[in-house]
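Note sheet for the following structure.
Order of appearance sets the numbers: ligands from 1, and atoms from 1 within every ligand.
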Amino acid sequence: MDNDRYFLELALEEARIASKGGSIPIGAVLVGPDGDILSRGHNRVYTMHDPSWHAEIDVIRQSGKLLMDKKYKNKCTLYSSVEPCPMCSGALILSDIHRVVWALSDNYLGALRIMKDGQHFRHKFDKISSSPEPYHDLALQSEALMKEWNVNRGIPYVVSSVHTNNK
Ligand SMILES: [Zn+2]
């Protein structure tokens, strides 16, 4: 789906903004049922000194009022440059987001696939659909940003996507 590619590219643009600002290079875009962009955001953990200010939380907070409106409830798609972590996966389902698409799977901190397979919030996780790594080249772009971030901080590179996309 070309729209997926377009929105993932915007999420990567946001990831680069986060990186330039000195935070973890992850970006997100929240899209409404008509394909309208509700919010764009990025990781601000280091710029705002808030460990919970992840890209997904950023867009959810910006669009909180809309997400609680029945016109949008269970109808929005969240795009992220990296697979959502446990906190963001929880926030996504509590926000009744319908679908989540990410550029790069993360077998270390990513959690949506694991949580969807598990038993927690079964009634909510059953409703959310996900599209991991639909585009190999965008996965590589996101991976390069994450790798640069970790290397610059002297952390061993830990995002370990297996690039299991079918493309
Ligand atoms: Zn997160």
Of the protein N/O/S atoms, how many lie under 2.8 Å from the Zn ion (ligand 1): 3
Determine yes or no for a side-chain-to-main-chain donor-acceptor pair under 3.5 angstrom, with Ser80 supplying the side chain and Ala28 the backbone. no
Using a distance-only test with no angle check, is there a side-chain donor-acceptor pair under 3.5 angstrom linking Ser131 and Arg99? yes
Taking only Lys NZ, Arg NE, NH1 and NH2, and the carboxylate oxygens of Asp or Glu, determine whether Arg40 and Asp58 approach each other closer than 4.0 Å. no
So, the side chain of Glu133 versus the backbone of Ser105: is there a donor-acceptor pair under 3.5 Å, distance only? yes
Would you say Asp69's side chain and Lys71's backbone share a donor-acceptor pair under 3.5 angstrom? yes
Return yes if some donor-acceptor pair links the side-chain N/O of Lys116 with the main-chain N/O of Ile128 below 3.5 Å, else return no. yes
